[in-house]
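Worksheet: one structure, shown below.
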Protein chains: 2
Amino acid sequence: MNSSRPITIKDIARRFRCSPSTVSRALNDHPAINEDTRKNIQEYAREVGYQRNEVSLSLLNKKTASLGVVVPTISNYYETAVIEGLHTILQPLGYTLNICVTNENYMLEKEYLSKLLSNRTEGIFLSVSQETYDSGYYEHLESVIQRKTPLIFIDREYEDFETSRATVDDYHGAFAAVEHLINIGYKRIAHLKGPNGLTVSEQRLKGYVDCLKKYDMPVQEELIINTNFKVESAIVPTKRLLEMAAPPDAIFGVNDQVAIGAMRVVKDKELKIPQEVGLIGFDNSPISAYTFPSLTTVSRPGRKIGMEASRLFLNQVNGAGDFIHESIVLPSELVIRESTLRI
Amino acid sequence: MNSSRPITIKDIARRFRCSPSTVSRALNDHPAINEDTRKNIQEYAREVGYQRNEVSLSLLNKKTASLGVVVPTISNYYETAVIEGLHTILQPLGYTLNICVTNENYMLEKEYLSKLLSNRTEGIFLSVSQETYDSGYYEHLESVIQRKTPLIFIDREYEDFETSRATVDDYHGAFAAVEHLINIGYKRIAHLKGPNGLTVSEQRLKGYVDCLKKYDMPVQEELIINTNFKVESAIVPTKRLLEMAAPPDAIFGVNDQVAIGAMRVVKDKELKIPQEVGLIGFDNSPISAYTFPSLTTVSRPGRKIGMEASRLFLNQVNGAGDFIHESIVLPSELVIRESTLRI
DNA sequence: ATATCGAATGCAAACGTTTGAAAAAATAAA
DNA sequence: TTTATTTTTTCAAACGTTTGCATTCGATAT
């Protein structure tokens, strides 16, 4: 009774005692259709709220106009900025973004990819989960490659694959951050690093290490402590750092969240920022400009990454012949604020 | 040449010189299929990476197992928490979430809804955009209702519609926040409110106003200033407040972001928190616990809202006969921290 | 040998739409 | 009126899969 089956082209055809093809053509303003017929049909269609079934069209044309965006999380500023960038470019072109959150979980990532393929998604933007990284499995990606579905890596890349990728230059960002600390005169710089195995974590760590080396400063294991990107994960590590016999005089957090967590601990210890302890983050999240003191950080162009990734995808789709795989690396930029500005 | 058309059931049938139906049944473990045939077909299918075309199935079964989530933004903690909640319940049931970000834009919202309907989405979770609110247009929702596609309002509700909704009790949350300030002894309480027209903003404002009235405190227009939920939008208003002849001794921010922006300004003026100025936010975002001083706030159960909304959806889908429309209001809870704790 | 049964497979329709080609209808020219 | 031409409409196939109902084939019972 209340079935309320959506109106189809056939329903309309029955109503006008004509064939479905006529209705289809009328609705699509095909020139071969009589003016009156067209008007009547279009009016009636509007009246009864006809909306064409895109599923059937997808089947017919093998085009779905939908894209998969597979990311570990959407709880950070950076990730949402990337999505916004993708959206900015792709939405106007008629693409629908199917956002899949893996929670850093390998199985979920695998499931999502498989589902996206089954749904005949036309392209996939992927930032692999931490578990995937750790495990080193990548079979679930094979089927994407095999199907020649355009696959764009975002941010976390997979060295082994021949695909396009858009990443931020984490290495030089971290390098610049540490160099800045050294220039200011900080002597003992700690690093609250990200989870092991992630490119992001490792690149920033590498930037930190290499910069210290460049300036002939010792790289000390005990000054490098793991976090998981979240505010609270910075608390215990920072306490440990500050309670050392020889505590650091500056802390480089793997992201703003971690740096802000550290900031809290430093203040609890009643140490002056930036005089006694310098602090620096990564991401340039909106809040970093408004902490007290404001946080020196490295900006990551998330929106731009999203837009560049879109471009990479479009290149593959429109590119005649073989795909051209490109790697784009956008620079990150040091944003100096109060948390490091001692004179 | 590199067309790489996905393998279909027909391809497999041709390979085995049998009919597509046999292949279909074999792949689905139909009992009427010969054991050997089944094995051979399944093995071959795995080998060539067959993946069934869900689009065709959707067409056949009129089921897409995809749900639309239409939200104004995903840049806030709360929204992402809601999505996480939806995800938690619905992903295991095989649903795909199609997340659409409207950027508070009416036209985009309309387009998304239309597209979701065209794609035969089985349900829509909607938090209407600000523009929709302001304009008061709701025709784009009519077609959703007409199609009897389950529509669940999240958070921002539309009084005029007969639909299910899951919202947070903003009113009492705000009331409790202000009451807390009054209990502590703050005498002149300002409110940095959210954009006009949004239920969220208005409910919190109402809670603020009603609480003041209850305690016979004057409601002063000049102590109520607009913001747009973002950190930076709190800066100028807070300055204006603090430079008044009779400045407030407490500020209630419409969310944590705004409160944190205000916190920054208060500190710049070298006023003591909470002694000279009390501060309170809304959302209990992760960072609010780690500002210095930590921020008193009202927690909104975003994850729970998402889970409850899922439940409402499932009720509609599984419910025999007519839909049962439910309204769920979850309580918000005061979280007392340092920014209001003066003795 | 014939009827009966069971197992395994095939046929055909269905989902909603588009589209080239053919057919029908209307109009113009001879 | 007949033929040629143009306009308008219909037919049928296609996209990939499932499924109720035949159909086939071999085996068993009569």
Side-chain angles (χ1 to χ4, degrees), chain A residues 3-42 44-45 48-66 114-115 117-122 147, chain B residues 3-42 44-45 48-66 114-115 117-122 147:
Chain A
S3 77
S4 175
R5 182 176 55 78
I7 308 277
T8 73
I9 250 181
K10 286 185 187 171
D11 296 328
I12 302 181
R14 214 168 303 127
R15 159 77 172 65
F16 282 93
R17 287 176 213 289
C18 70
S19 73
S21 14
T22 302
V23 177
S24 169
R25 291 200 168 94
L27 292 174
N28 293 320
D29 290 322
H30 193 286
I33 294 294
N34 181 284
E35 184 66 6
D36 287 343
T37 325
R38 196 187 56 101
K39 266 192 190 153
N40 289 335
I41 290 182
Q42 289 191 351
Y44 180 74
V48 297
Y50 169 79
Q51 235 162 343
R52 89 155 162 248
N53 186 331
E54 294 288 346
V55 177
S56 76
L57 251 199
S58 294
L59 180 59
L60 187 60
N61 299 335
K62 296 154 178 266
K63 300 236 159 155
T64 55
S66 80
S114 155
K115 200 172 240 172
L117 287 183
S118 278
N119 288 328
R120 300 299 187 260
T121 301
E122 291 181 36
R147 266 276 240 314
Chain B
S3 77
S4 175
R5 182 175 56 78
I7 309 277
T8 73
I9 251 181
K10 286 186 187 170
D11 296 328
I12 302 182
R14 214 167 304 126
R15 159 77 172 66
F16 283 91
R17 289 177 214 289
C18 69
S19 73
S21 13
T22 302
V23 177
S24 170
R25 291 207 239 280
L27 292 173
N28 293 319
D29 289 324
H30 193 284
I33 294 295
N34 182 282
E35 185 65 5
D36 287 343
T37 323
R38 195 186 56 99
K39 266 192 190 151
N40 288 335
I41 290 182
Q42 288 192 353
Y44 180 74
V48 298
Y50 168 79
Q51 235 161 345
R52 90 153 160 247
N53 186 331
E54 294 288 346
V55 177
S56 76
L57 251 200
S58 293
L59 180 58
L60 188 60
N61 298 334
K62 296 153 177 268
K63 300 238 158 155
T64 55
S66 81
S114 156
K115 201 172 239 173
L117 287 184
S118 279
N119 287 328
R120 300 299 187 261
T121 302
E122 292 181 36
R147 266 275 240 314

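In the text below, chain A, chain B and the rest are named by the order of the sequence lines, each starting its count at 1.
Nearest to the side chain of B:Ser21, among D:dC21, C:dA12, D:dT9, sits C:dA12. Distances from the side chain of A:Arg52 to the nucleotides D:dT10, D:dT17, C:dT17 place C:dT17 closest. The side chain of A:Ala32 has D:dT9 as its nearest neighbour among D:dT17, D:dT9, D:dG20. Comparing D:dT17, C:dG20, C:dT17 by their closest approach to the side chain of A:Thr8 singles out C:dT17. When distances are taken from the side chain of A:Asn34 to each of D:dT9, D:dT10, C:dT9, the shortest belongs to D:dT9.
Residue A:Leu27 contributes atom CG, which lies 9 Å from atom P of C:dT17 at whole-angstrom precision. For the pair A:Glu35 CD and C:dA26 P, the interatomic distance rounds to 18 Å; values are reported in whole Å. At whole-Å resolution of the value, CD1 in A:Ile9 and C1' in D:dA14 are 15 Å apart. To the nearest angstrom, P of D:dT8 lies 17 Å from CZ of A:Phe16. If you measure from atom CD1 of A:Ile41 to atom P of C:dT17, you get 13 Å, rounded to the nearest angstrom. At whole-Å resolution of the value, CD in A:Glu54 and C1' in C:dC15 are 15 Å apart. Taking atom CG of residue A:Asn53 and atom P of nucleotide C:dT18, one finds them 10 Å apart after rounding to whole Å. Following rounding to the nearest Å, A:His30 (NE2) and D:dT7 (P) show an atom-to-atom distance of 13 Å.
The phosphate of C:dT9 (OP1 or OP2) has a side-chain N or O of B:Thr37 nearer than 4.0 angstrom. Dashed line: the shortest gap from a side-chain N or O of A:Thr22 to OP1 or OP2 of D:dT10 is under 4.0 Å. For D:dT10, the OP1/OP2 oxygens have a side-chain nitrogen or oxygen of A:Ser19 closer than 4.0 Å. Contact annotation: A:Lys10 side-chain N/O to C:dC15 OP1/OP2 distance is under 4.0 Å. A sub-4.0 Å separation between OP1 or OP2 of D:dG16 and a side-chain N or O of B:Tyr50 is absent.
Nearer the 5' end of DNA chain C, as judged by each residue's closest nucleotide, is the contact made by B:Pro20, out of B:Lys62 and B:Pro20. The 5' end of DNA chain C is approached more closely, in terms of each residue's nearest nucleotide, by B:Arg25 than by the other of B:Arg25 and B:Leu60.
Counting heavy atoms from C-beta outward, B:Pro6 and B:Gln51 have side chains that stay 4.5 Å or more apart. Between A:Leu59 and A:Ser56 there is no side-chain heavy-atom pair separated by less than 4.5 Å. Residues B:Leu27 and B:Arg52 are not in side-chain contact: their nearest non-hydrogen atoms beyond the backbone lie 4.5 Å or more apart.
The pair B:Arg14-B:Asp11 counts as a salt bridge, with a side-chain nitrogen and a carboxylate oxygen less than 4.0 angstrom apart.
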task = Take B:Tyr44 and B:Ile12 through the test side-chain contact (heavy atoms from CB on, under 4.5 Å) and record every step on the way to the result.
result = CA-CA 8 Å; B:Tyr44 180 74; B:Ile12 302 182; 3.9 Å; yes
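Defined by atom type and a distance below 3.5 Å, a donor-acceptor pair is missing between the side-chain atoms of B:Ser24 and B:Ser21.
Residue A:Arg17 is classed as a sugar-phosphate contact, given heavy-atom separations below 4.0 Å to backbone atoms only. No engagement by A:Asn61 is indicated, since no non-hydrogen atom pair under 4.0 Å with the nucleic acid exists.
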